[in-house]
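This report concerns only the one structure given below.
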Amino acid sequence: MSVHLKQDSVDDRNVLDKTGQGVIGEPIERPEGLLKVTGTAPYAAEFKIPDCLEGVLVTAPILRGKVKSIDRDAVLSMPGVVAVLSDERMTGRAAQGMANAAPFQPAQDVEYWGQPVALVVAESFEEARDAAKHLPIEYETEEGPIDPAAVETSPAQDPTRQGDLAQAMNEAAHSVDVTITTEGHASAAMEPHAAIAQWDGSSLSVHASLQMLKFNRTELADSLGLDESKVRLLSPYVGGGFGSKLGISQEAVAASIAAMELGRPVRVVMSRQQVFQTIMRRTETQQRIRLAADADGKLTGFGHEARISNLPNEDFPEPVIQSSQFLYAGENRLLTLDMARIHRMTAGSVRAPGEAVGVQTVEQAMDMLAEKIGIDPIELRLKNLPDQHPVKGMPYSSRKLAECLQQGAEAFGWEKRPRKPRHTREGEWWIGTGVASAARIHAVVEAKARVSLQPDGTGMVESDMTDIGTGTYSILSQIAGEMLGLEPKDVLVRLGDTDFPPGSGSGGSMGASSTGSAVFLACEDLREQLARKLNVEPASMVLKDGFARWDGGQKALTELLDGDEITATGHFEPGDSTEDNLVSSFGAFFAEVAVNHWTGESRVRRMTGAFGFGRVLNRRTARSQCLGGMTWCIGNALTESLLFDPVDGHLANCDLAEYHVPVHRDVPDLQVLMLEERDGAASPIQAKGVGELGLCGGAGAIANAIYDACGARVFEYPMTPDRVLAALERV
Amino acid sequence: MRPFDYQRAERLEHASQLAADSETLPLAGGTNLIDLMKLQVETPQTLVDIGRLSMGEIAEEGEGLRIGALATNTATAAHPRVRADYPVLARAILAGATQQLRNKATTGGNLCQRTRCYYFTNIDQPCNKREPGSGCGAIDGVARLHGILGTSPQCIATYPGDMAVAMAALDATVEITGESGERSVPVRDFHRLPGDTPEKDNVLEPGEIITAVTLPAPVSGKHIYRKVRERSSYAFALCSVAAIVDMAEGRITRADLAFGGLAHKPWHDPRIAELLVDSEPSLALFDKAADLLLEGAQGYGENDFKIPLTRRTLTAVLCDATGVEA
């Protein structure tokens, strides 16, 4: 049976509140947790494949140009070397998320420093790596722009213009006009990009580390010129993606070509340096924020003009102004997004594209405005929450922003302001606090999942959906368990295999709502099948602990199934419900930061996040998502930045020693409040996205706390000691 | 990684003999060397594993302490004598790397660790230290981590370690054995300035192997190791200060200072102690000390901030050590 829903209307039946098992939202542990912490969950490169060759990508040490010649013979005589491939189907870049087509080919047209152009294959990894480093390649080089501030830009999307912002600024009782910059970010997932390809003469099977398999299969097939029915991808465990594995990447295409050419399995694992240098970066941004307010602090104007970059002929524009469209009021609006074309590696999705850098700047400007008006920054925000989308006029499907600000403030112990900065000093350290709103647009995509009840009364969920560490295995077992009256441990969830029905994949915080809804739909159908067997209305039947109960009786599922398996496939598609409503997750951040008077070092001392993201499917994994996001806020605010050489454009800090994600000592006790909602426009399970919300705005709370602590407004992220010190010296 | 031969040294003389070959490198903890070999920054034909030699002991020597070259960073930092009498050393070691690395890293290896300059570790970039004559990518490049003192037009790399900075403040001595016998070199003179030969990090000659570091008799005073960095662990110093400062009757009686993250070597300037000792501590005095330290300091754009940062960090350390209120 297959059941299809294109969600055009709000589903406020809240079915999951009425079923009987009581496992939705429960903080169950990950079924795969033990495998992961004991190192026995196999990641892409770890599958033991007999007779496997090892491939190492060769990268171009030039900014731009073409491969003229490759002296294969120079390395073919080296020990163990089997082949040097420089096939025109190789890809120099990864595909953008949901591209559903081959990335830019051929790899031999170099557009950024470090682009893979060839693959050396040998019997051992060490032999391949050595030969890769010795492969002589001659290039025809070209110049190209590398400084995003030095090139002309062009609009990356149509601007939003309403009223006259300049006039509103002129007439404003209070206004802020500030330009803030952020630097490039890397996803920095723990598991490097890796693939093992096997070709049996007619079909291809690839173990890979990918987030969105149904798209990735098409992308790989298109890259190779194969029919996609001949391609199978397997990604049961993914060691972090953060956007970097949304699209098929260079190593998977290269491994596949090699396996097909050589007739043996080929493994290609990127080095850490290659991951940094060739996989998606988040663009650096320059953002001008203009806020105009009347004497009472009501916004009359809101401007957010952002400048971003990407390679020539890469479409993806970091949607910096995405939530500025609807977060705050202001009748006169100007929102623009302009693109500079430069030769750095592809800019693409790095966790929470858009809001991850676009909210914190607005939140800094709001803090400055509150100070100018002389009101508490929370009050300023509460005054300016629009009743409806400020331009398009549609209603908010649900929005717990005010509650998050208020309850978060209470939990954090927010001291009502206004007050002057530099109010508290402990030894060398200035102590301050800051607040910021959180916002992240909600999205859902088409997804399918197959759910069955086995003759032994257990459930099974199958989808090519991935679990990139977010807890998908857990929540899908909970949704199915809740609907079918089973404990989650009695639901086997099988993911990450394109032989299963195509789910949504993981990305954009869409997975839980999209694939979760497909599972939900399949389960609704199974409930109907069971009700028919009992000859009762589905609504009058309660499934709990492996029994069906109805008015007048109960029966074990095993008895009811009578040796048969029943199956249904759920097919979910977004429809008008997310068009007619403004669907977004919201929240609030509170941070206490210590700034060293002498050195400008800033350390977060505690942080509270309060979030509303619809139904909470699993309080443990949802909280973990929020903790991860808040940890990224710390990196975003204080340490993370891609450093590009100003002369040849290469990425200089390309490992985890020099690209500074927060370490344990940088992350204090983080407090997470989850404010339950039911959002029937978001999905039939009333859940919205949570994965990325925790990092959308929090860096602004840290920036505002730095100001409150030491009196220095810093307008460059990350706020490293040198920048804080420079601002301190201006105070 | 290029293919290489591996030999295990059974005796020190044997190790020294093997290491005299210019294509041979001694291997101890391997926390730096193996990484650099994977990147083909280091391409020895032979590794001599000295890890089995009995040089791991930490023992009393006179009133001082002798730390064997193979004593791990973890063992040294945890040693009761080090904690009690040389806390600046324990603090410096614990400010470096991570627990896992400190468990493997050795005293001798730590002294010999190579710069973290981005251009040194990327074989597709010019670097006079890695490949003499190829140029310096850092001078006009990403120079955030780089030196402001004692740099040369050939090289602006920094010595990245923490342990040696404390050892320089303590005026420890490096014991070295080579084919031609034994010699001792003060830690303060062990590392070199880059000059025209940045490929040479230190004064070790081919075949010479560090056997120990000896600490002189402990001295009284406040021991401080202050490391400035953007994240609070697992990051190299933007600048660091090791200080042993003592006071009597309102005057400074000892001011042994050394600095990390600023130069090709742990930086020690004897004029600072001369200025500070016998003076009454004050912000004005500390400023003069910073003037001396930073005389001739040169930034390379991205690291210009190290000049004011060093001044402020030195002031913070001296305030902390002497009780002067900022």
Side-chain angles (χ1 to χ4, degrees), chain A residues 59-62 78-80 113-114 125-127 129-130 133-134 271 273 277 425 427-428 596-603 634-635 638-641 643-648 650-658 660-667 718-726 728-729, chain B residues 1-4 35 37-40 43 97-98 101 116-119 121-126 135 137-145 160 226-236 238-241 301-320 326:
Chain A
T59 59
I62 63 164
M78 289 176 73
W113 200 102
F125 170 69
E126 288 77 9
E127 289 163 335
R129 182 171 57 183
D130 190 35
K133 290 210 189 280
H134 285 91
S271 68
Q273 289 77 14
Q277 288 174 338
R425 186 155 169 180
E428 295 181 0
N596 191 281
H597 168 77
W598 294 108
T599 62
E601 290 164 291
S602 302
R603 304 283 186 250
I634 297 170
L638 300 179
T639 58
E640 288 184 55
S641 128
L643 304 174
F644 290 93
D645 183 272
V647 178
D648 72 3
H650 81 277
L651 176 67
N653 57 336
C654 46
D655 59 37
L656 291 168
E658 297 302 338
H660 287 170
V661 298
V663 296
H664 283 113
R665 205 173 167 194
D666 293 314
V667 185
M719 298 182 182
T720 46
D722 49 315
R723 288 170 173 169
V724 174
L725 210 55
L728 258 178
E729 292 199 332
Chain B
M1 190 178 287
R2 275 209 328 218
F4 60 92
D35 283 355
M37 287 172 68
K38 289 178 182 173
L39 295 167
Q40 299 209 344
T43 51
T98 63
L101 288 166
R116 261 59 180 188
C117 172
Y118 307 124
Y119 298 82
T121 54
N122 184 337
I123 60 167
D124 290 320
Q125 289 292 321
I139 284 179
D140 295 319
V142 181
R144 187 174 166 71
L145 287 176
R226 181 63 176 269
K227 181 176 183 180
V228 181
R229 44 186 164 172
E230 55 210 38
R231 68 178 174 187
S232 51
S233 177
Y234 193 42
F236 295 98
L238 296 174
C239 81
S240 70
V241 182
E302 290 198 358
N303 70 345
D304 289 350
F305 72 90
K306 284 192 174 185
I307 297 173
L309 178 65
T310 302
R311 176 177 294 276
R312 296 179 70 117
T313 307
L314 173 59
T315 308
V317 166
L318 291 174
C319 284
D320 184 10

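For B:Cys319, the part sitting under 4.5 Å from any heavy atom of chain A is the side chain, from C-beta outward, and nothing else. Contacts of A:Phe644 with chain B are made by backbone atoms alone, with heavy-atom separations under 4.5 Å and no side-chain atom involved. There is no contact between A:His664 and chain B, counting heavy-atom distances below 4.5 Å. With a 4.5 angstrom heavy-atom cutoff, A:Glu640 does not touch chain B via any of its atoms. For a residue to count as touching a neighbouring chain, one of its non-hydrogen atoms must lie under 4.5 Å from one of that chain's; by this rule A:Leu656 touches chain B with the backbone only. Using a 4.5 Å cut-off between heavy atoms, A:Arg665 touches chain B through backbone and side chain atoms alike. In this structure, chain B has heavy atoms under 4.5 Å from both the backbone and the side chain of A:Val661. With a threshold of 4.5 angstrom between heavy atoms, A:Asn596 approaches chain B through side-chain atoms but not through N, CA, C or O.
B:Lys227 places a side-chain N or O within donor-acceptor distance of the main-chain N or O of B:Ala235, the cut-off being under 3.5 Å. Proximity of a side-chain donor or acceptor of A:Asp666 to a complementary backbone N or O of A:Val663 within less than 3.5 Å is detected. Checked by atom type and distance alone, the side chain of B:Tyr118 never pairs as donor or acceptor with a backbone atom of B:Ala138 at under 3.5 Å. Looking only at distances, a side-chain donor or acceptor of A:Thr639 sits under 3.5 Å from a matching main-chain atom of A:His660. In terms of modelled atom types and a separation under 3.5 Å, the side chain of A:Asp645 and the main chain of A:His650 share no donor-acceptor contact. Under a 3.5 Å cut-off, the side chain of B:Lys306 and the backbone N or O of B:Leu145 do form a donor-acceptor pair.
Per-residue heavy-atom pair counts under 4.5 Å with chain A were compared for B:Thr310, B:Asp304, B:Asp140, and the maximum is reached by B:Asp140. Contact count versus chain A (heavy atoms, under 4.5 Å) is highest, among B:Arg231, B:Arg144, B:Glu230, for B:Arg231. Of the listed residues (B:Asp124, B:Thr98, B:Thr313, B:Leu238), the one with the most heavy-atom contacts under 4.5 Å to chain A is B:Asp124.
Looking only at atom types and distance, the side chain of B:Asn122 has no donor-acceptor partner in the side chain of A:Gln273 under 3.5 Å away.
Comment: B:Arg226 does not engage B:Asp320 in a salt bridge, judged by the lack of any side-chain N to carboxylate O separation of less than 4.0 angstrom.
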